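Chain A is the first sequence line, chain B the second, and so forth, proteins listed ahead of strands; every chain is numbered from 1. Quick caveat: nothing in here was measured; it's all calculated off a predicted structure.
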Amino acid sequence: MIDLQRIREDSQEVVRRYKVRNFDAADLVARIQEVDATRRRVQKMLDGTLAESNALARKIGELFKSGKGQEAGLLKEGSAKLKKQAKEFQETLDSASGELNELMTRLPMLPHPSVPAGDTEAANEIIREGGAMPELSSGAMPHWDLAKKYDIIDFEAGTRVAGAGFPVYKGKGARLQRALIDFFLDEATKAGYTEYQPPLLANEDSAFGTGNLPDKDGQMYQVPSDNLYLIPTSEVPLTNMFRDTILNEKDLPVKCTAYSVCFRREAGSYGKDVRGLNRLHQFDKVEIVQVVHPGKSYEVLDEMVKYVAELLQKLELPYRITRLCGGDLGFASALTYDMEVYSAAQGRWLEVSSISNFETFQAQRMKLRFRSSEGKNQLVHTLNGSALALPRIVAALLENNQAKDGIHIPEVLQQYAGFEAIG
RNA sequence: GGAGAGGUGGCCGAGUGGUCUAAGGCGCACGCCUGGAAAGCGUGUAUCCGUCAAAAGCGGAUCAAGGGUUCGAAUCCCUUUCUCUCCGCCA
């Protein structure tokens, strides 16, 4: 949610900035202004009526106490009339606030000025490339074939148990997963993030807070009997731990990390995008989240991008960093950098991390504030990024490091995995 | 899952229909006192909405959430939710 104040102050500017997203906000913003005006007008009338009614009730109380019950009886009529009127105003107010809220939730975050215009991922800006491209021999295999050859991932068994997109990791494959998780958590801890183990299910308020609800695309798995959602990322629990709180300025920045399983329905995905480990319903991820002072958030975003790039360097993977264009930008994000690794046998770039600054979008929905040094309560900025999502990292590791004698494991992982090669 | 007890400010806690504009305490902030500190004394100390250029001020709302009774609700009634205790089931 964006701040209503911005629409009150300069609605034209707001509409103009949404154009970068290809989002035509003109009608919506106009309606918001209308309803906002109504809401304020009605609130004023309601407050006036209630003030009168309160005064009257006090007077009646005094009369009763001084034994003038009869006089008080006469005043009761006026009180009933005021009450009826207040109820009408209250209903109008509730419906106006309800509509205003609903309209506001339809607005995505305002994009940062540096976001390039554009419709699709073709317009994303490549910021930097790093790491050496591997040279594969002629018989190089995609990771799903390697997984079978070395018996480290059993896709069929997973299908039997749950369905497509739920792989079973086995032997060194399972151990490699654990190694990556440990490595990522250790690195995050060294970088000052506090490790958490959050719930894997979240309630409605939480899912709304981070912007996962309303879920137009049906991305989340639901548990309807208990009104819970399986988390699509630990961003949801990590950020919502602070929902509806007021932090002290000295406690900022809050830096947290967590390993979690992530669940995504991925409705509508098909073809080579879902082959092997490319897109799964269940996967493992280590996430980093920061809650920061609004003046620092872009500095922090850069720092998080740098941190993730270093992880990729340590894993010796070829990577590139892109800045998402307006059309590709998530609903809640003001600016997002994607990190991609090159999966050599597939010959394609795979997104392994998405690092976003949500500015006040989530903070507004979550009422997450801090008390500034001047004693004022102000919304924080929230950021998060994957550091990292495992399956595509595994895909690239397997493909890029395959050799005649097996698959070589990057040095940083060897102590975690307890082996140097698969094969 | 069954039975019971509860949810009051940053925290503890009083409060059983009007004097709640929420006692008292702790904590915190500022001031006085002091060579400095502690103690002591004094003052202040929630959030949201509206009004205002803004602040102050003023009006309104909030005692878990929502609804109801009443001229008037922290207080009475209903629903939901969470916590605690006991029982049952269970890794």
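- Using a 4.0 Å cut-off, no side-chain N or O of Arg369(A) falls inside it from OP1 or OP2 of U47(B).
- Taking the C1' atom of each, G17(B) and U69(B) are spaced 12 Å apart, rounded to whole Å.
- At the heavy-atom level, Lys83(A) lies under 4.0 Å from base atoms of the strands shown.
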**OP:** Decide yes or no on side-chain hydrogen bond (donor to acceptor under 3.5 Å, both in side chains) for Ser206(A) and Arg243(A), but give the supporting numbers first.
**Re:** CA-CA 8 Å; Ser206(A) 294; Arg243(A) 174 158 44 81; 2.8 Å; yes
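- Counting only heavy atoms from C-beta outward, the side chains of Glu235(A) and Thr382(A) never approach each other to under 4.5 Å.
- The distance from atom CG of Asp3(A) to atom P of C48(B) is 13 Å, rounded to the nearest whole Å.
- No hydrogens or angles were tested; on distance alone, nothing pairs the side chain of Asp47(A) with the base of G60(B) as donor and acceptor under 3.5 Å.
- For Arg371(A), a side-chain nitrogen or oxygen approaches OP1 or OP2 of U47(B) to under 4.0 Å.
- Phosphate contact (OP1/OP2 of U51(B), side-chain N/O of Arg40(A), threshold under 4.0 Å): present.
- The shortest distance between the side-chain N/O atoms of Arg58(A) and the OP1/OP2 oxygens of C20(B) is not below 4.0 Å.
- Cation-pi geometry between Lys172(A) and Phe419(A) is met: under 6.0 angstrom from the ring centre, within 45 degrees of the axis.
- Relative to the side chain of Ala51(A), the nucleotides G60(B), U51(B), C71(B) differ in distance, and G60(B) lies closest.
- Residue Leu56(A) is classed as having no contact, given no heavy-atom separation below 4.0 Å to the nucleic acid.
- U69(B) makes up no base pair with any nucleotide shown, lacking Watson-Crick or G-U wobble contacts both under 3.5 Å.
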**OP:** Take Tyr298(A) and Glu359(A), measure what side-chain hydrogen bond (donor to acceptor under 3.5 Å, both in side chains) needs, and give me the verdict at the end.
**Re:** CA-CA 9 Å; Tyr298(A) 282 96; Glu359(A) 294 190 13; 2.4 Å; yes
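- Across every strand in view, C89(B) sits unpaired, with no contact that passes the Watson-Crick or G-U test at under 3.5 angstrom.
- An OP1 or OP2 oxygen of A46(B) is reached within less than 4.0 angstrom by no side-chain nitrogen or oxygen of Asn377(A).
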